[in-house]
Amino acid sequence: MTRKMINLGPLNQMRAALGEDARRRSGLMESVRHVYLRMDRDKAVEDSFELMMEDLAESRHLSTGECSEKRAERLEGNILVVLGGSGAGKTTAVRKLLSSHKLSPNYGGPDAHIVTVRVPCPCSVGELGKAVLSATGWDLERRATAPEIWTMVRSRIRSLGILVLHLDEVQDAHETLKADEKVKLRHLLRSLLVDEDYPIGLIMSGQAEFETFLRPDRSSVRRGRWHLFGPITVEMDKEAIAAAVVHLAKTAALKVAPDAGPDLVPRLIHAGCYQLGITIEEIHDAIRAALKSGATILERKHFADAFAARTGNFLPWNPYLAQDYLAVDPTRVLAHAPAPVASTDQRKQKKSKGDKS
């Protein structure tokens with residue numbers, strides 16, 4: 001194994017080539033992106049994280065009168081799962097928690113005891129092990145079997161004092177692994193939790209369908225801590241989103257026009273597909289559009305312009321401009337004409353499939 005090196009030369013060259021205005025915008029946008037909108041769900045995840053870390057802090061050895069089976073059952077609970085739709089803000093929420101919590105010092109650094117691993121796609125047990133090694137600063141150059149790789153992983157975890165692995169985008173494992181590989185991975189993850197010599201905790205974040213992957217392991221399901229990041233709604237979240245627009249704009253030294261205030265929020269949430277992460281990205285894009293135009297006030301047109309630039313949609317299919325914005329599909333791109341209407345045969349075929357299901 002060799003230590004992974006990252007070449008930052010091209011990135012630094014590109015930054016140097018940017019004009020003064022672009023560098024100013026980039027600096028402001030970096031500040032904007034560092035602002036995090038904390039919701040009630042963040043507190044719930046934080047509470048579960050603290051409980052998991054408390055459990056890990058307890059003796060790893062057998063307690064008085066505790067058999068090995070009871071110990072394993074106790075350790076099976078050291079798992080935290082955060083699931084939600086694409087763009088719900090799961091990864092951001094977990095990374096923000098780990099980067100700011102006192103129980104996760106030096107997160108992202110070489111001496112951190114919590115490490116985030118992006119689950120590879122396509123995934124295999126061996127490829128996941130290689131991803132863990134890479135996340136700890138080592139690349140495996142020689143060929144090795146999955147068992148050999150995970151032996152290295154366990155040794156690496158112990159030597160670095162890693163207490164928790166955060167596996168992000170875990171649905172990629174569920175979607176790409178074959179049935180027998182899924183069984184192996186479930187057993188492998190459980191063995192990390194209940195290892196007699198060096199048990200660790202697991203944080204897993206991804207899309208909601210991953211729940212079906214863990215479901216056969218009833219002990220982990222029953223004893224783990226589960227959180228679902230559901231869609232946001234206008235009724236429940238309009239005040240928080242309106243406040244976010246004002247706060248993020250202020251961070252970029254922008255004021256907010258009346259037409260970008262609370263009345264815009266329903267359109268903004270719809271454009272964000274009712275997912276918090278995408279909605280925040282919409283605000284970011286609008287702020288960048290305002291800065292690029294040289295404006296000092298954030299207006300609705302900046303949201304509309306940013307949406308049009310990103311999607312290529314014409315005005316009638318822009319939720320910030322359309323009269324009936326709820327009829328606009330915010331996931332469409334290059335919308336220059338109404339979506340084609342299904343033929344009679346297609347509608348009958350769809351209805352037939354629905355009746356069979």
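- Going from atom CD1 of I149 over to atom CZ of R154 covers 13.5 Å, rounded to the nearest 0.5 Å.
- The environment of D40 atom CG is sparse: at most 12 non-hydrogen atoms of other residues, nucleotides or ligands sit within 6.0 angstrom.
- Using a 4.5 Å cut-off between side-chain heavy atoms of Ile, Leu, Val, Met, Phe, Trp and Tyr, with links allowed through other members, V333 and F314 fall into different hydrophobic clusters.
- One hydrophobic cluster, built from ILVMFWY side chains closer than 4.5 Å, holds both L248 and L276.
- Taking the charged nitrogens against the carboxylate oxygens, E281 and R310 have no contact shorter than 4.0 Å, which rules out a salt bridge.
- In this structure, a donor-acceptor pair under 3.5 Å is present between the side chains of D168 and T91.
- No side-chain donor from either of H227 and R41 sits under 3.5 Å from a side-chain acceptor of the other.
- Taking 4.0 Å as the cut-off between side-chain N and carboxylate O, R24 and E20 do not count as a salt-bridged pair.
- Annotation: the span from K182 atom NZ to E175 atom CD amounts to 9.0 Å, rounded to 0.5 Å.
- Ring orientation note: the planes of H270 and Y325 are nearly perpendicular, at an angle over 60° on the 30°/60° scale.
- Atoms CD and CG, on E211 and L228 in that order, are 10.0 Å from each other to the nearest 0.5 Å.
- The cluster map of Ile, Leu, Val, Met, Phe, Trp and Tyr, joined by side-chain heavy atoms under 4.5 Å apart, puts L160 and L98 in the same cluster.
- Within 6.0 Å of atom NE2 in H336, more than 12 heavy atoms from other residues, nucleotides or ligands are found, so the atom counts as buried in its surroundings.
- Under a 4.0 Å N-O distance rule, the pair D172/R118 qualifies as a salt bridge.
- Ion pair R225/D55 flagged as a salt bridge, since at least one NZ, NE, NH1 or NH2 atom sits closer than 4.0 Å to an Asp/Glu carboxylate oxygen.
- Between K43 and D47 a salt bridge is recorded (basic side-chain N to carboxylate O distance below 4.0 Å).
- When the side chains of ILVMFWY residues are joined at heavy-atom separations under 4.5 Å, either directly or via intervening members, V117 and V82 end up in a single hydrophobic cluster.
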Derivation of the salt bridge (charged side-chain N to carboxylate O under 4.0 Å, His left out) call for R158 and D195: CA-CA 11 Å; R158 291 190 188 96; D195 187 284; 3.8 Å; yes
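- Linking Ile, Leu, Val, Met, Phe, Trp and Tyr residues whenever their side-chain heavy atoms come within less than 4.5 Å leaves L264 and I297 in two separate clusters.
- A side-chain donor from one of H101 and E50 sits under 3.5 Å from a side-chain acceptor of the other.
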